[in-house]
Amino acid sequence: MKNMLTIISNALCRITGRNVGAQTVSELLIDLSEYVNVTSPVSAPALAQAQAQRQPPKPPPVSTRAPAAQLVSAQTDQLDTPGTRVVVSRSFADFTSQATFDIKKCDVHRLEEGPPLKAELTRDQGLQYYRVMQTVRRMELKADQLYKQKIIRGFCHLYDGQEACAVGIEAAINPSDHLITAYRAHGYTYTRGIAIKEILAELTGRRGGVAKGKGGSMHMYAPHFYGGNGIVGAQIPLGAGIALACQYQGNNQVCVALYGDGAANQGQLFESFNMAALWKLPCIFTCENNQYGMGTSVERASASTDYYKRGDFIPGIRVDGMDVLCVREAFKFAAEHCRSGKGPIVIELKTYRYHGHSMSDPGVSYRTREEIQEVRSKSDPITMLKERMLSNNMASVEEFKEIDIAIRKEVEEAAQYATSDPEPPLEELCNHIFSNDSPLDVRGTNPWARLKSVS
Amino acid sequence: MAAAARFFIRGAPLKLPVSGVGTGAQSSFEATLLKLSPNSNSRTTTQRRHAAHFTFQPDAVPTQYGPTQKMNLFQSVTSALDNTLASDPTAVIFGEDVAFGGVFRCTVGLRDKYGKDRVFNTPLCEQGIVGFGIGAAVAGATAIAEIQFADYIYPAFDQIVNEAAKYRYRSGNLFDCGNLTIRAPWGCVGHGSLYHSQSPEAFFAHCPGIKVVIPRSPVQAKGLLLACIADQNPCIFFEPKILYRAAVEQVPVEPYTIPLSQAEILQEGSDVTLVAWGTQIHVMREVANMAQEKLGVSCELIDLQTILPWDTETVCKSVVKTGRLLISHEAPITGGFAAEISSTVQEECFLNLEAPIKDDQLLNPCQGPTSGSPGLHHLSFSSSFIQSVERGQEKTLC
């Protein structure tokens, strides 16, 4: 029997061009079923359907046009040569559905213990994080492109490099929790539920934009996402206020109030820390430390670069912000801390941005290209997650490629929409200045023009 | 509007060079104006985008201050600061990112030339910057603080209004922070949206004890800035950011001052007085030319230069002569500085006025924040101010 198995599996190897030999009957059957998939176009759809029903990811497209002769190829043939491509769908049983990863220990301040050192990741979660991070990445790169084409104008602060922060936070909190951040907000707008096309249309200033085209890059909002704030540090007292509302309403929600390393030196932050600690507000103050406040490195701006300790009497955690699992565990810990009534907590996410401060900043006059390259190659959040999943057999390269292609298409369509959507109409120019029942008369640039403000 | 139309029919139909809104083949003045009015039915549905809503017009080369050099606005500011640091050993410049030259390159080269203890960066804290500046000024240093954008000056508002402005008064002249000068980029720039376009001069005009100055060109900027630095009162110097590169003139290399609280009459006229400051002067220049060509109206153009304390005498004298006044600025109309000018002029020159005083506004068409959409900017051009001018004329006909 074993001999038979070996013989058949070897034959299969030669036929299908795969190197692994079947060790068990079930593996053999699986291989056989795949071979059937490859060579019989008639039964392939049915089989594909059956397989699709069995497993969450769709089988990748199978090339049935390759002639049989080419399929009998030497094992050294590259599998991705066009024409001879045999894209084999690996069934669900192939992948590890869950794995536990070691994550970096976090520095803590005024805490007995920090977040756990191990994080569990299921296959679905991993693919989901990958998908969202890659979408944010592609969306930001598309915004970069559109800006250079002058389709987006004004100010544009891009988030690529910091995706793990947004995705990790979203993974740890509930959609009913609250979030507020500064102007590097496109990533959070997406994770909080706004479609890519609405984000891009807001960047291009069209009526389909999330703020009706009147807000621009820095002013995007969503349910339970309070923006999008242009003035540095101004969003932190707001975040503390939202936390107060949560506490007052007793709804067990928390507020994540984000700021950067530059804003960490604003006075209003310390006022907010004091109030939050005094009244034990469920507020997670989060410093996204990307090492540079516009063009100033943290050492040159801050007397203390331990931003997680800046809360002084507020406990703090310093987290590796390039590792989505680290971020998620830290925020799970922090949310639990707040929800249990222990008061606010400060989290410092050590992260990095690839682009300059904004599109008008090349980003290389205050840091070297080598530094950016090094971070890209060693700590890129998307690559890290992908490699983790691949090395633990949680997904295949083809799957990731497929996701990439789908995302690219989606972003492209969104950009199309953002470019072709019309600008907001002139009638909307003055709307929503005040809240008023009947339209408000508003003076215009032309002294005899009476504009209307509808709210 | 009907009255205006009546007026036009009188005049010969002329092609109006409308600088701005794409009007295609427009042949009549009247039709053009009707199209520009947002209330009109034949409104164009697409908005056009424009590089600038004006053309910068340089002044004549000044001869009384010595040799000159071609400079744009930010270079003239650098020159002024350079002169100050050279002549005054107590002078220090600080603010966000000033060390490498500043986000608008106003302080390029100064740190290398004068050292890092005289030109240094502060962290991101406007309230801290101004408070620190007041302290340094009180102790005797000539403190020149930079706020990166005028839109960010509000955290420092308390320090300016409550500390800087009242120091001399509350100490009975024992102490003062006259050595303090605050510089900030100011005004609309086309893509600035809500927080990089504001003109907050009206907020500070309401505060006795400080001076507020806004130049229109490089030559004015250097002279006025040096005057602010020399002045024994805390001064706020707003620099129109759209002019940083666009305004190029021959500027004297040596230090010189232009007196504060003196408005400048740029163009003499007899029919209407136009008052403006900063970028808007160049728009008003176009308006004055258009009015002369198309309407035969002679405009007297005044650059206010110092907002607080402002030169009431020059403006009132001019209104007594012409009988009509049009004030134009970028900030919202309600409570804008034009309101203060109107109020004073009507009090002083009531019997000389032939028509109501008109306040015009450029960029915040609805007393609201500047919208993020680029297409919604620049809705008003010289041609729309022309309406104000001729309306002012027309009032006397009815």
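The basis for the numbers below is simple: all heavy atoms, side chains too, and nothing from hydrogens, waters or symmetry mates. A note on names: the letters A, B, ... follow the listed sequences, proteins ahead of strands, and every chain is numbered from 1.
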Checklist outcome for this item: Nearest heavy-atom contact between Gly215(A) and Ser193(B) is O-OG, 4.2 Å

Checklist entry - In terms of heavy-atom proximity below 4.5 Å to chain B, should Ala263(A) be classed as side chain, backbone, both, or neither? => result backbone

Checklist entry - What part of His219(A) is in contact with chain B, defined as an atom under 4.5 angstrom from a non-hydrogen atom: side chain, backbone, both or neither? => result side chain

Checklist entry - Would the number of heavy atoms belonging to other residues, nucleotides or ligands and lying under 6.0 Å from CZ of Arg105(B) be above 12? => result no

Next on the checklist: For the NZ atom on Lys212(A), are there more than 12 heavy atoms of other groups (residues, nucleotides or ligands in this structure) within a distance under 6.0 Å?
Outcome noted: no

Distance, nearest 0.5 Å, that separates [atom1] of [X] from [atom2] of [Y]:
X	Y	atom1	atom2	value
Gln127(B)	Gln266(A)	CD	CD	8.5 Å
Asn229(A)	Leu194(B)	CG	CG	11.5 Å
His191(B)	Cys156(A)	NE2	SG	12.0 Å
Arg300(A)	Asp97(B)	CZ	CG	8.0 Å

Item to check | Residues Asn121(B) and Thr296(A): side-chain donor-acceptor under 3.5 angstrom | outcome: no

Item to check | Contact class of Glu126(B) relative to chain A, heavy atoms under 4.5 angstrom | outcome: both

Checklist entry - Once the angle between the rings of Phe155(A) and Phe149(B) is folded into 0 to 90°, is it parallel (under 30°), tilted (30 to 60°) or perpendicular (over 60°)? => result perpendicular

Item to check | Met294(A) and Leu124(B): CA distance, side-chain angles, deciding distance, side-chain contact (heavy atoms from CB on, under 4.5 Å) verdict | outcome: CA-CA 10 Å; Met294(A) 206 157 86; Leu124(B) 218 170; over 6 Å; no

